[in-house]
Amino acid sequence: MNEPLTMDQARRVLQRIYGYPDFREGQKQIIRDILDEYDTLGIMPTGGGKSICYQVPALLFPGTTIVVSPLISLMKDQVDALDGLGIPATYINSSLTGSETSRRLRAAAAGEYKLLYVAPERLETDMFATLAERLDIPFVAIDEAHCVSQWGHDFRTSYLAIAPFLRRMPHRPRLAAFTATATENVRTDIVRLLALQEPQVHVTGFDRSNLSFSVLKGVNRDDYVDQYVTKHADQAGIVYAATRKEVDQVHQQLKRRGIPAGKYHAGMTDDERKQMQERFLRDDIRVMVATNAFGMGIDKSNVRYVIHWSMPKNMEAYYQEAGRAGRDGEPGECVLLYQPQDILLQKFLIEQSVSSPERKQQEYRKMQQMIDYCITQNCLRSYILSYFGERPEEGAEAARCGNCGNCNDDSEVVDMTLESQQIMSCIRRMNERFGVTLVAQVLKGSSNKRVLEFRFDRLPTYGLMKQYPEKTIVDMIQLLIADGYIGLTESQYPVLRLLQPAADVLRGEKRVMRKVRLVKRQTRTGDELFDRLRALRKQLADRDGVPPYVVFADSALREMAEQLPETEEQLLLVKGVGQAKLAKYGAPFLDAVRAYAAESR
Ligand code: ADP
Ligand code: MG
C-alpha cells in the first residue's frame, strides 16, 4: 500500500511548479476527493481552474495520467503550457503524422510523460489499446465532459467510446470528469455515460469576483461597440454576436472605423479561422468579433472584456462566453447589449435547429431565463449563482455584489416623459401599423418617400422631435420597448404597438426615466513598467513561438510592476512564477524591472 497523498503535498506542487500560493476553494474539495481515490465530477465555470484539478494529482500519482480532450487546439494549448512549466506531457490526435504518433506512443510506453492528452477517437485504435495495456495509468481525466451528452451544446459521438475503453482496461483507474455545464440533464448523462462510480459531485467556483457584469438595454449597439473598443484599444477583447451575418456586419463596421479587428465564425475556412485565432492569441489583433463557434479552444488568459452584441440563447452559453474575460484574475468587464428583437432571433434559431418538441420546450424555458437575466433589476451576480445551483453567500449583502450593473448603478437618470409621449402618440396616430424606422422618420420630420406616400407629413406628430438625430429617436423607441411600454409584433416586419403601461404615460400619470451611462474605463492600464514588461513578454513569446500568456499571465506582470522584485527569490513570490518559468524567463524580466527601478530613483 502506498501512503495516502496529502493536501500538503498537493499544495507544495502547486507552489513549486505553478508558483501559486494556494488552491481556490472549489479546487481543494475536488483534489481532496481525487487523492482519496473517489470518482469525481467537477462542475466549475470556464476559467475556474479545472486543469489544475487533474494536473496536480497527475503529478503526485505514479505513472501516466490520461486526459481526454475534445479539441486539437485545446490539447496543444495545454501541452504548451505544461512545457512552459517543465512538466513532461504530450498529446496524440489527428493533427500528427503517422510517424510522429508512433514516436510519441513509444515514448509514452517508456513512461516518459506524466500527462498524455488524447482525442477520444484515439481510444478506439489498436495502437492505443496496446499502449494502455503496457502503461501504468493511475488516473483518467475527462475534460469538457458535457461532450458526452446530447443535451449539451457540443455533443461528440466519440465521447461514447470512453466508457468501453475504461471497461477494457486491466485495472480500472480513478476517474474525474470536468465541465462548465451545470444542467441536470447533462450532469446525469455524464455520470451514466462515462460510468462514474458513486462520484463525488462538486459544483463550485461559479462566482468570478474579478468580473463585472452589466446589461445595457436600448443603447445604440454600433456606437457603443465602437466607443468601447476604441477606448480599450490596447486591451484584448471579444465581441460575441448571434449569427454569421451579425459578425460580418460588426466586423465590417469596426474595420471601416479603422479599428483592426479579427472575426471568426463557422462560415470561414479552417485556415482562415486558424489564422485569426492565432493572431488573437498572440496579441497581434486585440479584438475578435465572433459567433459562439469561437471559444472552446481559447485559454487566452488576458482577455479584458467580452461584449455580447446581442442576447445569447441561454445562461450556459452566456456565462461560458462572458467567462472568457479575466481568466488571469485581473478585472474583466462583461457587457450584454440587449434589445427585445433578440428574442425573435433566438426563437427563430430554436425553431430552425431543434426538432423534438420536448427539447424545444426546454430551449424555450432556458431562453426565458436568459431574458429574465436581461431585465432583472436585482443583482446580476446573485442571479447567475443561483441559476448555476450555487448558493450565493448568506446574509444581507449577498443579494448585492457591488460589482454589477444593477448593484453599481451610477448612471445618470434623465426624464424622458415628454419624448415618450411624443413617440407613443405618433405610433397611435399611425394606427399601430408600422415599424421602428418609419415612426422615427415621421417624428424626425423626414421627407422620405414612404412618409410622403402615406401622407404622414400631415400628422400633428410630424417633425415633433426634429431636434434629435433620427438614430437617437430610434434608440428611445428601443428603450420603451425594452421597458415594456411598447410591443413589437412577431411578424417578418415587426410593427409597434402600444402596451398597457403606455396609457398611463400618455395620460401624464407616469413618468419615464432613462439611464444615461457613460462608457467607463474600469480596468487599470497605463502603468509604464507594466507596458514595458508586456512588450518584453511579446518579444520572448514571438521568439519561442508561443502565445504571450504562456510566458506570463497579465496578473503576473501586474504584480511585478507593483512589487518591483529585484532578486530571483523576490520574483518567485509573484503568483504565476514557478521554478521553470524563473529559469526560462526570470533573467530578462528581472533586468527590465531593475532598469526601471534604477531610472526612477
Ligand atoms: P478552466 O479549464 O476551468 O476553464 P483553467 O484550468 O484554464 O480553467 O484555468 C484558468 C486560469 O486560472 C489559468 O490561467 C490558471 O493558471 C489559473 N489558476 C488556476 N488555479 C489557480 C490557483 N489556485 N491560483 C491562481 N491561479 C489559478
Ligand atoms: Mg479547461
Side-chain angles (χ1 to χ4, degrees), residues 7 10-32 41-59 67-71 73-82 84-85 87 89 91 115 117 141-147 154 176-182 202-211 236 281 295-304 306 316 319-330 332 388 546-559 573-578 580-581:
M7 281 310 279
R11 197 170 297 109
R12 277 199 293 277
V13 165
L14 182 77
Q15 291 166 350
R16 182 165 47 88
I17 295 179
Y18 294 84
Y20 295 139
D22 205 352
F23 293 112
R24 296 173 179 157
E25 268 321 299
Q27 291 175 323
K28 268 185 211 159
Q29 303 165 23
I30 292 173
I31 293 173
R32 172 75 276 155
L41 170 56
I43 299 171
M44 209 186 250
T46 304
K50 292 184 282 294
S51 319
I52 277 180
C53 292
Y54 58 81
Q55 289 173 358
V56 168
L59 294 173
V67 183
V68 182
S69 172
L71 280 188
S73 59
L74 211 68
M75 290 184 228
K76 186 173 175 318
D77 275 3
Q78 295 258 326
V79 170
D80 281 350
L82 290 166
L85 296 169
I87 299 169
Y91 60 83
L115 289 118
Y117 284 75
I142 297 145
D143 206 0
E144 314 289 352
H146 59 277
C147 290
D154 306 300
F178 297 91
T179 178
T181 309
H202 296 285
V203 183
T204 54
F206 275 83
D207 187 15
R208 300 279 307 281
S209 55
N210 60 317
L211 300 186
L281 293 182
M296 184 152 75
I298 316 301
D299 276 354
K300 185 176 170 65
S301 68
N302 65 337
V303 172
R304 295 270 69 87
V306 172
E316 276 83 9
Y319 204 50
Q320 181 132 37
E321 288 159 14
R324 300 209 161 96
R327 294 170 67 114
D328 51 12
E330 289 283 299
F388 287 104
V546 296
Y549 61 84
V550 166
V551 177
F552 282 124
D554 275 12
S555 49
L557 300 188
R558 185 72 68 192
E559 261 192 62
L573 292 177
V574 169
K575 284 195 209 71
V577 184
K581 292 272 172 82

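Ligands are counted one by one from 1 in listed order, and the atoms in each one are counted from 1 as well. Quick note: numbers below take in every heavy atom, side chains included, and nothing from hydrogens, waters or symmetry partners.
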How far is [atom] from the closest protein heavy atom, and which atom is that?
atom	result
atom 10 (C) of ligand 1	Gly47 O, 3.6 Å
atom 9 (O) of ligand 1	Gly49 CA, 3.5 Å
atom 17 (C) of ligand 1	Arg24 NH2, 3.6 Å
atom 6 (O) of ligand 1	Ser51 OG, 2.6 Å
atom 13 (C) of ligand 1	Arg327 O, 4.4 Å

Out of all atoms in ligand 1, which are within 4.0 Å of some heavy atom of [X]? Include the element for each.
X	value
Phe23	23 (N)
Asp22	22 (C), 23 (N), 24 (N)
Pro45	3 (O)

For ligand 1, which part of [X] has a heavy atom less than 4.0 Å away: the side chain, the backbone, both, or neither?
X	value
Asp328	neither
Gln27	side chain
Pro21	neither

Query raised in the report: So is Ala553 in contact with ligand 1, going by heavy-atom distances below 4.0 Å?
Result: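 It does not; every heavy atom stays at 4.0 Å or beyond.
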Report task. Look at ligand 1 and say whether Asp143 reaches it with a heavy atom at a distance under 4.0 Å. Result ->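 The answer is no, since Asp143 has no heavy atom less than 4.0 Å from ligand 1.
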Would you mind reporting whether [Y] and [X] have side-chain heavy atoms less than 4.5 Å apart?
X	Y	answer
Ile142	Tyr54	no
Ile30	Met44	yes
Lys581	Leu85	yes
Asp154	Glu144	no

Query raised in the report: What closest approach, in Å, do Leu14 and Asp22 show between heavy atoms, and which atom pair accounts for it?
Result: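 Closest heavy-atom pair between Leu14 and Asp22: CD2-C, 3.3 Å.
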Requested in this report: Return the minimal non-hydrogen interatomic distance between Pro57 and Ile52, and the atom names on each side.
Outcome: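 Heavy atoms of Pro57 and Ile52 come nearest at CD-O, 3.8 Å.
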Query - Polar atom proximity, Ile52 to ligand 1 (N or O, under 3.5 Å) - result: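 There is no such contact.
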Report task. May I ask you to check whether Ser51 and Gln78 show a side-chain donor-acceptor distance below 3.5 Å? Result ->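 Looking only at side-chain atoms, Gln78 and Ser51 do form a donor-acceptor pair, the distance falling under 3.5 Å.
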**Report entry** Option whose closest heavy atom lies nearest to atom 15 (C) of ligand 1, chosen from Tyr54, Tyr20, Phe178
**Finding:**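 Selected option, by shortest heavy-atom distance: Tyr20.
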Query raised in the report: Is the closest basic N to carboxylate O distance between Asp328 and Arg558 below 4.0 Å?
Result: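 Salt bridge: no.
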Query raised in the report: Only one of Lys575, Arg304, Arg327, Lys300 forms a salt bridge (charged side-chain N to carboxylate O under 4.0 Å, His left out) with Asp554, so which one is it?
Result: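 By the salt bridge (charged side-chain N to carboxylate O under 4.0 Å, His left out) criterion, Asp554 pairs with just one of Lys575, Arg304, Arg327, Lys300: Arg304.
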Query raised in the report: Relative to each other, are the rings of Phe206 and Phe388 parallel, tilted or perpendicular (30° and 60° limits)?
Result: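 Because their plane-to-plane angle is under 30°, the rings of Phe206 and Phe388 count as parallel.
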